[in-house]
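These notes are about the structure you will find just below.
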Amino acid sequence: MEEKEPLNFIEHIIEDDLKASYTKDDLQFRFPPEPNGYLHIGHASSICLNFGLGLRYNAPVNLRFDDTNPAKEEQEFVDAIKKDITWLGYKWANECYASDYFQQLYDWAVQFIKEGKAYVDSQTSILIAEQKGTPNEPGVESPFRNRPVEESLQLFEEMKNGDAGEGSHVLRAKIDMTSSNMLMRDPVMYRVLHKAHHRTGTDWKIFPMYDWTHGESDYIEQVSHSFCTLEFLPHRELYDWFLDQVHESDKLRPKQREFARRNLSHTVVSKRKLARLVEEGVVTGWDDPRMPTISGLRRRGYTPDAIKNFADSIGVGKRENLIDVSHLEYNVREDLNKKADRVMAVLNPLKVVITNYPEGEEEWLEAENNPGDEAAGNREVPFSREIYIEQDDFKEEANRKFFRLKLGGEVRLKNAYIIKAEKAIKDDAGNIVEVHCTYDTDSKSGSGSEASLRKVKGTLHWVSVKHALPVEVRLYDRLFTEASPDTHKDKDFMEFINPNSLELITGYAEPSLANLKPEDTVQFQRLGYFTVDKDSSEEKIVFNRTVTLRDSWAKLDA
RNA sequence: AAACCUAUAGUGUAGAGGUAGCACACAAGAUUUUGAUUCUUGGAGUCCGGGUUCAAAUCCUGGUGGGUUUACCA
């Protein structure tokens with residue numbers, strides 16, 4: 001009980017509030033996406049943070065769509081977002097929409113006008129921007145700033161009724177044009193937009209701005225802690241100002257706190273940039289397995305646990321960061337190592353003929369599905385005179401560090417026999433096209449015979465030629481060659497696209513794989529984790545490589 | 001340029017005045033019918049300068065580096 005587990009700064013804030021005036025029942029959080037795109041790994045961190053807090057403190061977490069801009073938002077994204085959060089395994093307390101609060105927000109705004117806290121400005125956006133000044137120079141007040149309350153009221157009504165054109169007027173809060181915080185220089189609260197909203201249709205012709213909406217939505221829902229990323233820090237002053245105007249003392253007053261966005265190396269995490277990858281055809285869509293979107297990661301074979309463990313392990317702070325993608329990869333491997341069945345598939349086949357194995361004969365050998373998990377059971381794999389091994393697993397000559405097959409040398413075929421390479425057959429160009437081997441007839445795996453227990457250094461995976469199931473395999477690599485492609489001042493991130501982020505090959509798999517369904521994940525032994533893609537059909541299974549196995553040999557070799 | 005935020009091993013993150021920990025990455029070794037997994041071990045850090053204090057990663061101050069803000073987007 002007294003055991004102190006380390007807290008991140010967000011948890012410290014909550015613990016401090018709990019020691020002060022908050023009770024546990026006051027705690028409530030929210031995840032507030034704008035439905036204008038797909039969720040990505042950065043959102044996943046935020047989701048895990050907010051929903052994780054909800055679990056930790058047994059507090060409700062609302063899913064709230066920040067849908068105040070009908071020009072960008074669509075139902076399609078609402079559905080995709082809900083699907084992704086559910087897939088991650090989180091349950092929201094309430095499904096909320098900022099658009100549900102349009103009437104309340106409007107009523108408050110009218111009140112503001114009556115109290116002289118807001119006015120209708122009839123200038124162009126360009127003029128308003130000019131008058132805003134710069135961080136160094138104060139802004140100048142709009143000529144409409146002190147227009148009569150009745151006039152503002154009347155114009156606001158016209159804006160609302162659709163009698164005013166887009167851009168003709170805005171409603172502005174009357175705060176301080178000389179504030180050192182640009183956001184306090186009479187920020188826009190409403191603009192006119194004659195566009196259909198995905199939920200309210202054409203009921204509203206005016207739409208509230210983010211700053212005016214977000215804090216009040218938190219207040220309406222009685223969210224205790226509203227966590228957002230650091231770029232909203234300057235907005236906090238305005239968040240508080242708006243809240244000051246509407247807050248009633250018997251109600252909880254939400255507080256906004258900010259954390260640093262978490263960046264992942266070798267990718268980009270911005271909706272705009274991800275959209276460009278889609279639009280320019282660099283990837284096939286938002287759920288392309290190379291995309292850092294949740295739907296992309298899912299298709300790539302990532303599990304919810306892998307993503308959640310990743311998010312938890314990187315923590316949360318307030319400084320600029322770049323998390324190496326190897327950390328993400330570690331988390332999938334760790335999770336899949338426990339869950340994925342081990343199978344055999346050969347990606348770059350080299351035919352091996354076992355010359356002393358009877359022609360036409362075959363046998364089915366027992367194989368463990370997961371050595372770390374007895375409950376995973378066993379299966380049988382067919383063995384015969386002709387098999388495929390990986391091209392990389394054979395060399396005519398090699399030093400003793402090469403644990404694989406070489407002429408005159410022996411290796412164990414996983415779950416099968418020990419073989420010895422006798423002869424390499426080459427084509428006219430000198431390429432090895434086939435290897436002739438002999439097998440030790442007494443060395444069958446699991447037979448318990450003396451020969452079966454012999455220690456041979458190398459073990460290879462293999463597939464019987466006759467029984468091989470041809471499969472399409474998509475080998476994915478990182479999308480960018482640069483760790484931080486979008487922080488170069490003089491270069492566009494598109495210049496760093498990895499031309500080899502996808503390699504398409506045909507592999508040969510053991511027949512048991514014919515039964516797999518999309519999103520099933522297996523380990524191709526000695527190669528990596530692979531998941532069945534939704535592009536699979538009756539005729540052809542498609543596998544996506546989630547991640548390779550750790551490979552210390554590859555490092556030595558390189 | 002101004003205001004604000006920020007600075008702990010290569011990366012990320014703990015440490016709230018009292019022996020600088022953890023994870024990944026890296027290196028070495030053991031085990032291994034996956035060069036995987038597992039296990040053991042190792043190297044590696046408080047941005048710089050002042051101050052307060054018996055004692056500073058921690059508090060103060062000045063630099064320096066990085067970031068954010070200057071949308072009728074969120």
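Source: prediction; values computed, not measured. Every chain is numbered from 1, with letters handed out A, B, ... down the list of sequences.
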Atom pairs, protein N/O to nucleotides 57-65 of chain B N/O, distance under 3.5 Å:
none

ask   = Which letters describe nucleotides 69-74 of chain B, given B = protein heavy atom under 4.0 Å from base, S = only from sugar-phosphate, - = neither?
value = -B-BBB
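- Remark: the separation of the C1' atoms in B:U52 and B:U69 is 34 Å, to the nearest Å.
- On the P atoms, B:A28 is 34 Å away from B:G15, given to the nearest whole Å.
- Comparing B:C54 with B:G49, their C1' atoms are spaced 23 Å from each other, to the whole Å.
- Protein atom CD1 of A:I323 is 17 Å distant from nucleotide atom P of B:G10, rounded to whole Å.
- At a threshold of 4.0 angstrom between heavy atoms, the contacts of A:I418 with the nucleic acid are absent.
- Residue A:R478 qualifies as enclosed at atom CZ: its count of foreign heavy atoms under 6.0 Å is above 12.
- Among A:K420, A:K457, A:R454, the single residue meeting the salt bridge (Lys or Arg N to Asp or Glu O under 4.0 Å) criterion with A:E410 is A:R454.
- The only member of A:R526, A:R333, A:E329 that meets side chain to side chain contact (heavy atoms under 4.5 Å, CB included) when paired with A:T548 is A:R333.
- The nearest whole Å value for the distance from the CD atom in A:E329 to the C1' atom in B:A23 is 16 Å.
- Cation-pi contact between A:R199 and A:Y97: present, with separation from the ring centre below 6.0 Å and deviation from the ring axis of at most 45°.
- A:F394 is linked by a ring-ring contact (aromatic ring centres under 6.0 Å, His included) to nothing, counting only residues two or more places apart in sequence or in another chain.
- A donor atom on one side chain and an acceptor atom on the other are found under 3.5 Å apart for A:K271 and A:N36.
- One finds no salt bridge joining A:K339 and A:D373 here, because no Lys/Arg side-chain nitrogen approaches an Asp/Glu carboxylate oxygen to under 4.0 Å.
- Ring geometry for A:W204 against A:F102 counts as perpendicular: the plane angle is over 60°, on a 0 to 90° scale with 30° as the lower cut.
- Straight-line distance between the C1' atoms of B:U40 and B:C60: roughly 46 Å, to the nearest whole Å.
- Seen from the ring of A:F259, A:K318 does not count as a face-on cation partner, given the 6.0 Å and 45° thresholds.
- The distance from atom CG of A:N8 to atom C1' of B:G12 is 13 Å, rounded to the nearest whole Å.
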task = Any chance you could encode RNA chain B as dot-bracket? Rule is Watson-Crick or G-U wobble with both distances under 3.5 Å; [ ] for pairs crossing earlier ones, | for another strand.
result = .((((((..((((....[..)))).(((((.......)))))....(((((..]....))))))))))).....
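- Just one of A:R145, A:K117, A:K174, A:K132 meets the salt bridge (Lys or Arg N to Asp or Glu O under 4.0 Å) condition when paired with A:D186; it is A:R145.
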request  = Spell out protein contact along nucleotides 25-39 of chain B as letters: B when the base is contacted, S when just the sugar-phosphate is, - when no protein heavy atom is under 4.0 Å; keep the 5' to 3' order.
outcome  = -S-----BBBBSS--
Enumerate the protein-to-nucleotides 5-9 of chain B contacts in which both atoms are nitrogen or oxygen and the separation is below 3.5 Å.
{"residue": "B:U8", "atom": "OP2", "partner": "A:R319", "partner atom": "NE", "Å": "3.4"}
{"residue": "B:U8", "atom": "OP2", "partner": "A:R319", "partner atom": "NH1", "Å": "2.7"}
{"residue": "B:U8", "atom": "O4", "partner": "A:R319", "partner atom": "NH2", "Å": "3.3"}

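- One atom, CG of A:N263, and another, C1' of B:U68, lie 13 Å apart when rounded to the nearest Å.
- Heavy atoms of A:D16 sit under 4.0 angstrom from at least one base atom.
- Atoms CD1 (A:I314) and P (B:U13) sit 8 Å apart, rounded to a whole Å.
- When the C1' atom is compared between B:G43 and B:C24, the two are found 16 Å apart, to the nearest whole Å.
- Side chain to side chain, A:E482 and A:H266 fail the donor-acceptor criterion of an N or O pair below 3.5 Å.
- For the pair A:N321 CG and B:U68 P, the interatomic distance rounds to 12 Å; values are reported in whole Å.
- As rounded to whole Å, 14 Å separates atom C1' of B:G12 from atom CG of A:D312.
- Using modelled atom types, one finds a donor on one side chain and an acceptor on the other under 3.5 Å when comparing A:N62 with A:E221.
- A:R262 and A:N321 form no side-chain donor-acceptor contact under 3.5 Å, judged by distance and modelled atom types alone.
- Using atom C1' as the reference point in both B:G10 and B:C5, the two lie 25 Å apart (nearest Å).
- Put simply, CZ on A:R185 is 13 Å from P on B:A3, counting in whole angstrom units.
- Residues A:T293 and A:L39 have side chains not in contact (no heavy-atom distance under 4.5 Å, counting atoms from C-beta outward).
- Side chain of A:E510 to main chain of A:M344: a donor-acceptor pair is present (N/O by atom type, distance under 3.5 Å, no hydrogens or angles).
- Annotation: B:C59 and B:G18 have their C1' atoms spaced 15 Å apart (nearest Å).
- Rounded to a whole angstrom, the distance from the P atom of B:G12 to that of B:C73 is 35 Å.
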request  = For A:N378 and A:E366, run side-chain hydrogen bond (donor to acceptor under 3.5 Å, both in side chains): C-alpha distance rounded to whole Å, both residues' side-chain angles, the deciding distance at 0.1 Å, then the answer.
outcome  = CA-CA 7 Å; A:N378 297 319; A:E366 181 119 343; 3.0 Å; yes
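- Between A:M182 and A:G133 the shortest heavy-atom distance is CE-O, 3.4 Å.
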